[in-house]
> 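Sending over a structure as structure tokens; questions will come in a sec.
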Number of protein chains: 2
Amino acid sequence: MVELTRRQEIESAASSLFHERGYAGTSVRDIARAVEIQGASLYAHVASKQDVLWAIVRTTAGRFEVAADAVEAAVPGAIADGQGALLSALVRAHVGVVTEDIERASVFVHEWRALEDERRQEIALRRDAYEARFRAVVANGVRTRAFVCVDPPTTAAYILTALNGIVAWYRPDGRLSARSIADAYADLSLRAVSIDEGAG
Amino acid sequence: MVELTRRQEIESAASSLFHERGYAGTSVRDIARAVEIQGASLYAHVASKQDVLWAIVRTTAGRFEVAADAVEAAVPGAIADGQGALLSALVRAHVGVVTEDIERASVFVHEWRALEDERRQEIALRRDAYEARFRAVVANGVRTRAFVCVDPPTTAAYILTALNGIVAWYRPDGRLSARSIADAYADLSLRAVSIDEGAG
DNA sequence: CCTACCGATCGGTAGG
DNA sequence: CCTACCGATCGGTAGG
């Protein structure tokens, strides 16, 4: 167990509550109770409830971006069947971030709409830029005939919403390990766009 | 345009607001304002805010079940490649219900957790029974070797969360028709589990 | 469907 | 990090 600062404890407790009940359904006193302080005392550590949401969403957005950056730096997308390997690696990276911190990932996926205008707008742009990476991989795969002829935006939306859907059912102590989910989801996503060459 | 009763107007306005801001993020006065009556006047038509949510969720749960019933009655799942046709038809039916009423579908998908204990429990059971239909089709397809060897629960979760994810991005006046989304999603779902016989 | 009103809770501040 | 407190809003009721 890592030592958490009070601020980290608060963000962690808030992630859990926002995950379970949503941002609007969680009061600052709910968060305070979870870390065993008075409601008003929370403001010694955070500027506002909105501030806590922003910290959670910003952090998680960064994790997805960093994971995808690492994939694109490591996986050569230019070679022959590069797009298949790249898509598979992007899927695994995404599943990894989700399963590593299911509560924050869930808040990122579902509660970013509760952000105030400017921050909400920023996250909308970053989410779209992230999704564009998936669209690009699919489009490149279609162009090089590695993938079947699909509509890249629709396909990227299909795959990404399936990946994000993990937050609705994943349990760290459940039947499936994070690794086995990553394996299965990479296979499913790759087959969804691929011309299978008789692997059955 | 169909004439709506006041009660139907209220449910419709509430669906729209719950879709945009969530159940907890919507006040009864927000709903009242949308139908241009006073907050307290809402209670001449509904018993409670919770009652409105329940009506929306119950109705939508029924639509998914009826659509799947119709598919299973119409598509012969017993013949040779029956599972492929059945999965494809179930996907199309689900996409149809979602795109037909995106706001209610969105509330069903995201806000059923805000239901009170007993109703929430009922919906949890009905959702699981519905998902079990997808698990069964996948499992049958694997057994008859129509589908590749996948884990049926994981695969059903993957497909269904992708389908439900439509509520997050679909716009009735957008680039894609409901029909083209159904086509694309049926293809993606089927390929995700199928041994492609060289259709590329 | 309205006005008038209820107690409870909301996010947050003051001052220590 | 606490006590004491703020105005605003919450879901809902009474009585017409």
Side-chain angles (χ1 to χ4, degrees), chain A residues 3-58 103 107 110-120 123, chain B residues 3-58 103 107 110-120 123:
Chain A
E3 285 285 324
L4 293 181
T5 65
R6 206 58 159 155
R7 165 73 196 214
Q8 286 170 329
E9 260 189 89
I10 289 166
E11 277 182 32
S12 189
S15 298
S16 181
L17 289 163
F18 293 168
H19 169 48
E20 279 170 35
R21 316 176 190 175
Y23 176 76
T26 302
S27 73
V28 296
R29 278 153 183 86
D30 290 334
I31 301 169
R33 195 176 309 116
V35 297
E36 296 178 289
I37 60 175
Q38 295 299 312
S41 303
L42 209 74
Y43 291 89
H45 302 97
V46 306
S48 65
K49 185 185 165 189
Q50 177 75 205
D51 176 54
V52 178
L53 175 63
W54 174 238
I56 295 165
V57 171
R58 176 178 15 93
E103 292 170 349
V107 174
H110 289 127
E111 302 301 327
W112 70 278
R113 289 173 170 275
L115 289 170
E116 284 159 358
D117 276 358
E118 205 170 335
R119 291 165 165 181
R120 183 185 152 125
I123 293 299
Chain B
E3 285 285 324
L4 294 181
T5 66
R6 206 58 159 155
R7 166 75 196 215
Q8 288 170 326
E9 261 188 87
I10 289 166
E11 277 183 30
S12 189
S15 298
S16 182
L17 289 163
F18 293 168
H19 169 47
E20 280 170 35
R21 316 177 191 176
Y23 176 76
T26 302
S27 73
V28 296
R29 277 151 183 86
D30 290 333
I31 301 169
R33 195 177 307 117
V35 298
E36 294 177 290
I37 61 175
Q38 295 298 312
S41 303
L42 208 74
Y43 291 88
H45 303 96
V46 305
S48 65
K49 183 185 167 190
Q50 176 75 205
D51 176 54
V52 178
L53 175 63
W54 175 237
I56 295 165
V57 170
R58 177 181 10 96
E103 291 170 349
V107 174
H110 289 127
E111 302 301 325
W112 71 277
R113 289 172 171 276
L115 289 170
E116 284 159 357
D117 276 358
E118 206 172 333
R119 292 165 164 180
R120 183 185 152 125
I123 293 299

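A, B, ... follow the sequence lines: proteins, then strands. Residue 1 opens every chain.
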> Can you measure B:Tyr43 atom OH to D:dG15 atom P for me and round it to whole angstrom units?
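So the OH-P distance, B:Tyr43 to D:dG15, works out to 18 Å.
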
> Would you mind reading off the distance between A:Ile10 atom CD1 and C:dG12 atom P, rounded to a whole angstrom?
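So the two atoms are 13 Å apart, to the nearest Å.
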
> Only counting residues at least two apart or in another chain, list the ones meeting salt bridge (Lys or Arg N to Asp or Glu O under 4.0 Å) with A:Asp51.
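Scan of A:Asp51 (salt bridge (Lys or Arg N to Asp or Glu O under 4.0 Å), adjacent residues dropped) gives A:Arg7.
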
> Show the nearest heavy-atom pair for residues A:Glu103 and A:Ser12, with the distance to one decimal.
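The answer is OE1-O, 4.2 Å.
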
> What's the CG-P distance between A:Asp30 and D:dC10, to the nearest Å?
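Value for this atom pair: 17 Å.
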
> C:dC10 P sits how many Å from A:Tyr23 OH, rounded?
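Computing the A:Tyr23:OH to C:dC10:P distance gives 13 Å.
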
> Please give me the minimum heavy-atom distance between A:Val28 and A:Tyr43, naming the atom from each residue.
CG1-OH, 3.5 Å

> What's the shortest heavy-atom distance between A:Ser15 and A:Val107, and which atoms?
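For A:Ser15 and A:Val107, the tightest heavy-atom pair comes out as O-CG2, 3.6 Å.
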
> Would you write the dot-bracket representation of DNA chain D, where each base gets (, ), [, ], | or . depending on whether it forms a Watson-Crick or G-U pair under 3.5 Å and with which partner?
||||||||||||||||

> What is the distance from atom OG of B:Ser16 to atom CD1 of B:Ile56, rounded to the nearest 0.5 Å?
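Reported value, rounded in 0.5 Å steps: 10.0 Å.
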
> What is the separation between atom CZ on A:Arg33 and atom P on D:dC2, rounded to the nearest whole Å?
13 Å

> Just compare C:dC2, C:dT13, D:dG11 and give me whichever is closest to any side-chain atom of B:Val28.
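Nucleotide nearest to B:Val28's side chain: D:dG11.
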
> Take nucleotides 4-9 of chain D nucleotide by nucleotide from the 5' end and write B, S or -, depending on whether a protein heavy atom sits under 4.0 Å from the base, only from the sugar-phosphate, or from neither.
B-----

> Rounding to a whole Å, what distance do you find between A:Ile31:CD1 and C:dG12:C1'?
13 Å

> Which pairs would a plain distance check flag for residues 35-42 of chain B, meaning a side-chain donor or acceptor within less than 3.5 Å of a matching protein atom at least two apart in sequence or in another chain?
none

> Look only at the side chain of B:Tyr23 and the backbone of B:Arg113, and say whether a donor-acceptor pair between them is shorter than 3.5 Å.
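A pair under 3.5 Å: no.
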
> Atom CG of B:Leu42 to atom C1' of D:dG12: distance rounded to whole Å?
11 Å

> About how many Å separate CG of B:Asp30 and CZ of B:Phe18, when rounded to the nearest 0.5 Å?
9.5 Å

> On DNA chain C, compare the nucleotides closest to B:Glu36 and A:Ser41; which residue's is nearer the 5' end?
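Per heavy-atom nearest nucleotide, the more 5' residue is B:Glu36.
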
> Between the side chains of A:Arg120 and A:Asp117, is the shortest nitrogen-to-carboxylate-oxygen separation below 4.0 Å, so that they form an ion pair?
no

> Using 0.5 Å steps for rounding, measure from the OG1 atom of B:Thr26 to the CD atom of B:Glu111.
8.0 Å

> For B:His19, which residues count as a ring pair (Phe, Tyr, Trp, His ring centres under 6.0 Å) partner, sequence neighbours excluded?
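If we apply the ring pair (Phe, Tyr, Trp, His ring centres under 6.0 Å) test to B:His19, skipping adjacent residues, there are no hits.
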
> So which of residues 47-56 of chain B are in contact with DNA chain C, with a heavy-atom cut-off of under 4.0 Å?
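Here the set is empty: none.
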
